[in-house]
Amino acid sequence: KEMLTWQRTAFHFQPEKNWMNDPNGPLFYQGWYHFFYQYNPDSAVWGNITWGHAVSRDLIRWLHLPLAMVPDQWYDINGVWTGSATFLPNGSIAMLYTGSTHHHVQVQNLAFPSDPSDPLLIHWTKYAGNPVLLPPSGIGPKDFRDPTTAWVSPDGTWRLAIGSKVGTTGVSLVYKTYDFLSYELIEGVLHAVPETGMWECVDFFPVALTGKTGLDTSASGPGVKHVMKVSLDDDRRDYYAIGKYDLENNTWTPDHAEVDVGIGIRYDYGKFYAAKSFYDQNKERRVLWGWIGESDSERADTAKGWASLQGIPRVVYYDEKTGTNLIQWPVDEVETMRTTSKQFENMKLEAGSVTPLDVGTATQLDIIAEFEMPKEALEEILLGGAAEVYNCSTSGGAGQRGLMGPFGLLVLADQNLSEQLAVYFYIGKGEDGRLQTFFCQDELKSSKANDLVKGVFGSIVPVISGESLSMRILVDHSIVESFAQGGRTCITSRVYPTEAIYSAARVFLFNNATTTSVTATSITVWQMNSASIHSLNFYVLG
Ligand code: DQQ
């Protein structure tokens with residue numbers, strides 16, 4: 001019981017109880033960030049899907065509001081599913097979402113705020129002419145969902161994308177509309193990738209080639225690339241690719257064919273799905289939300305009375321330095337949760353060592369750590385060592401010793417390391433004869449509970465010559481979100497310790513290399529406050 005209570009988070013968004021999944025229609029309106037989400041008001045498992053709703057001034061402290069939309073019409077009676085918001089030029093909001101009809105057909109519906117003068121947008125009106133879109137011919141009735149935010153095309157009309165599949169090929173259809181009431185399917189597809197299956201929650205947005213400033217979804221032209229993201233229903237993973245959008249021909253092409261959506265880079269190599277971004281006109285940035293599900297059993301979720309979290313919203317922009325990646329970084333506002341900090345400098349981590357970090361309570365932390373490796377050792381790998389096919393998931397995890405790594409941190413660990421989540425780098429020589437750095441997270445020893453799905457996750461992280469290795473780790477009870485090299489590679493884990501809870505949780509540094517020492521040049525560990533996340537009742541009833 002104590003364990004289950006401990007799993008609730010302190011500065012992550014979660015409803016007071018029951019099931020949550022995809023982020024929906026995020027937007028900033030009259031001073032408030034609005035967040036909607038797939039929600040089952042009745043239990044801690046998926047079903048009876050409604051739109052939950054909360055507002056915030058800063059994306060961290062939230063006020064839960066009444067349900068925004070419930071399944072009460074023939075065209076959404078089996079679920080008010082995922083959708084996106086579009087701002088029209090006059091400042092009004094068009095909310096498009098998927099409804100699962102009385103016959104389980106997936107249709108698109110329109111809703112809008114009942115009272116645009118209410119900054120909290122508490123009441124929503126479904127358009128009387130719904131549904132506005134039915135599955136087109138050649139598309140299965142259950143393969144047509146999750147409309148994107150719309151963007152303006154040169155002829156002044158709107159375009160929006162909807163994910164689907166044709167056979168086993170994942171596709172993104174594009175519709176054209178003047179008024180969000182009537183729509184025309186544009187011939188051809190925006191993009192298709194064979195053998196990727198159904199594309200859920202397609203996201204499509206522009207990024208600037210320089211700087212961190214975000215772009216409105218309608219931005220295009222020189223100095224802009226377009227990112228496509230798809231959520232693969234078959235393997236529950238979010239893949240993105242950076243490419244070029246040809247407005248005239250309604251096609252998008254990835255910069256590199258081998259890093260296409262569904263087969264290339266992922267937003268996050270851990271638990272992270274159905275992500276959706278929005279342009280935050282308040283702070284001129286693009287913000288990404290991602291649904292972080294559970295890795296425990298349905299039985300455990302029912303026992304604790306809730307399931308799922310949302311990741312800390314991430315600012316997302318093009319990585320000028322690599323040209324191949326996006327940068328994802330927790331929004332600055334999360335730093336307002338930082339309280340006291342401890343700093344450690346130049347700690348030499350001998351090969352095969354584990355070093356405790358005396359940080360006090362270790363269940364709500366923000367950690368930034370930088371590492372340096374001896375140059376001679378790197379040269380030794382390059383000159384002497386054989387090429388290695390390393391893979392976070394299959395190369396033995398944190399326990400498999402190599403010339404340079406694994407090294408990093410153990411979080412949510414107990415004193416004698418019977419439970420630990422390892423977050424680490426591993427450097428090896430790739431088949432091209434060059435050094436390659438991996439960023440991985442090993443969950444295998446993170447809990448003694450026997451109802452969990454655990455693994456070792458991660459990927460290559462690009463390191464530019466001259467950069468030191470750096471990681472940031474957000475720890476919040478049952479979630480750990482890790483970011484390498486300023487946000488080039490990200491890994492999120494749900495963790496369910498049975499012993500490393502409350503005051504028993506610790507942090508360690510480790511270096512499991514065979515012979516090479518590594519220096520942790522600088523480590524800062526902040527304690528994190530608990531964010532206020534409450535319902536209206538809390539304020540009204542005291
Ligand atoms: N979740 C929604 C769908 C979407 C899926 C239903 C992705 O609209 O495709 O809850 O998690």
Side-chain angles (χ1 to χ4, degrees), residues 22-27 29 34 36 38 49-51 53 67-116 121 123-153 155-165 171-190 198-204 217-218 250 274 276 278:
D22 316 353
N24 291 156
L27 58 91
Y29 188 73
H34 287 257
F36 305 89
Q38 296 280 280
I49 293 293
T50 67
W51 272 37
H53 184 195
L67 299 176
M69 291 195 278
V70 299
D72 57 4
Q73 304 293 322
W74 70 266
Y75 54 77
D76 63 13
I77 198 73
N78 280 302
V80 184
W81 287 0
T82 283
S84 307
T86 303
F87 276 103
L88 306 186
N90 65 5
S92 64
I93 298 165
M95 194 67 90
L96 274 176
Y97 70 92
T98 299
S100 179
T101 71
H102 55 339
H103 293 134
H104 300 275
V105 175
Q106 292 168 11
V107 299
Q108 315 313 322
N109 303 311
L110 176 65
F112 41 84
S114 312
D115 175 10
L121 300 175
H123 299 289
W124 288 77
T125 302
K126 295 175 185 173
Y127 169 56
N130 279 339
V132 292
L133 268 174
L134 305 175
S137 82
I139 292 295
K142 293 185 177 174
D143 306 324
F144 184 58
R145 58 185 180 271
D146 312 332
T148 62
T149 294
W151 61 95
V152 178
S153 73
D155 65 7
T157 62
W158 295 93
R159 303 271 190 278
L160 62 101
I162 299 178
S164 186
K165 69 172 179 186
V171 302
S172 172
L173 309 171
V174 179
Y175 284 85
K176 173 179 175 172
T177 181
Y178 294 92
D179 53 9
F180 288 85
L181 307 180
S182 63
Y183 297 78
E184 179 193 323
L185 177 63
I186 301 185
E187 215 186 303
V189 293
L190 181 61
M198 175 66 196
W199 286 1
E200 296 189 314
C201 303
V202 170
D203 199 8
F204 188 63
T217 308
S218 292
N250 185 48
K276 186 181 294 298
F278 74 105

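Start at 1 with the first residue, then count along the sequence. Worth knowing before you read on, the calculation uses all heavy atoms, side chains too, and leaves out hydrogens, waters and symmetry mates.
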Taken to the nearest 0.5 Å, the spacing of Leu110 CG from Tyr183 OH works out to 5.5 Å
For the residue pair Ile93 and Trp124, establish whether any side-chain heavy-atom pair is separated by less than 4.5 Å. yes
Write down the atom of Ala94, the atom of Leu88, and the distance for their closest heavy-atom approach. CB-CD2, 4.4 Å
Least distance between heavy atoms, Ala161 atom then Ser172 atom: CB-OG, 3.5 Å
Does the side chain of Ser164 pick up a donor-acceptor pair with the side chain of Asp143 at under 3.5 Å? no
Find out whether Thr82 and Gln38 are in side-chain contact, i.e. whether some heavy atom of one side chain is under 4.5 Å from a heavy atom of the other. yes
Whether Gln108 side chain and Phe144 backbone form a donor-acceptor pair below 3.5 Å: yes
Min side-chain heavy-atom separation Val132-Thr177 under 4.5 Å: no
Is there side-chain contact between Tyr97 and Lys126, with at least one heavy-atom pair below 4.5 Å? yes
Could you tell me whether a side-chain N or O of Thr149 sits under 3.5 Å from a main-chain N or O of Thr86, the two making a donor and an acceptor? no
Heavy atoms, side chains only, cut-off 4.5 Å: are Gln73 and Asn109 in contact? no
For the CG atom of Leu133 and the CG atom of Leu181, what is their distance to the nearest 0.5 Å? 11.0 Å
Using side-chain heavy atoms (C-beta onward) and a distance below 4.5 Å, is Leu27 in contact with Met95? yes
Closest heavy-atom pair, Ile77 versus Pro71, reported as atoms and distance to 0.1 Å, is CD1-O, 3.4 Å
Rounded to the nearest 0.5 Å, what separation is found between the CG atom of Leu96 and the CG atom of Asp146? 11.5 Å
Would you say that Arg159 contacts Phe204 through its side chain, given a criterion of any heavy-atom pair below 4.5 Å between the two side chains? no
Beyond-backbone contact of Met198 with Arg145, side-chain heavy atoms, under 4.5 angstrom: yes
Quick one: sort the Phe87 and Tyr29 rings into parallel, tilted or perpendicular, breaks at 30° and 60°. parallel
Quick check: does any side chain N or O of Thr98 sit under 3.5 Å from a backbone N or O of Trp81, one acting as donor and the other as acceptor? no
Ignoring hydrogens, what is the shortest heavy-atom contact between Thr101 and Asn78? Give both atom names and the distance. O-ND2, 2.8 Å
Passing candidate, side chain to side chain contact (heavy atoms under 4.5 Å, CB included) with Leu190, options Val202, Thr148, Asn250, Ile162: Asn250
Does the plane of the ring in Phe36 sit parallel, tilted or perpendicular to the ring in His53? Use 30° and 60° as the thresholds. parallel
Any donor-acceptor pair under 3.5 Å from Ser100 side chain to Asp76 backbone: no
Compare every heavy atom of Cys201 with every heavy atom of Ala274, then report the nearest pair and how far apart it is. CB-SG, 3.7 Å
Give me the atom names and distance for the closest heavy-atom approach of Trp158 to Ser218. CZ3-OG, 4.2 Å
Distance col, row Asp22:CG vs Lys276:NZ, nearest 0.5 angstrom, shows 8.0 Å
Looking just at side-chain N and O atoms, do Ser114 and Thr125 make a donor-acceptor pair shorter than 3.5 Å? yes
Rounded to the nearest 0.5 Å, how far apart are CG of Leu134 and OH of Tyr75? 13.0 Å
Within this structure, what is the OG1-OH distance for the pair Thr157 and Tyr175, rounded to the nearest 0.5 Å? 15.0 Å
Within 6.0 Å of NE2 in His102, more than 12 heavy atoms from elsewhere: yes
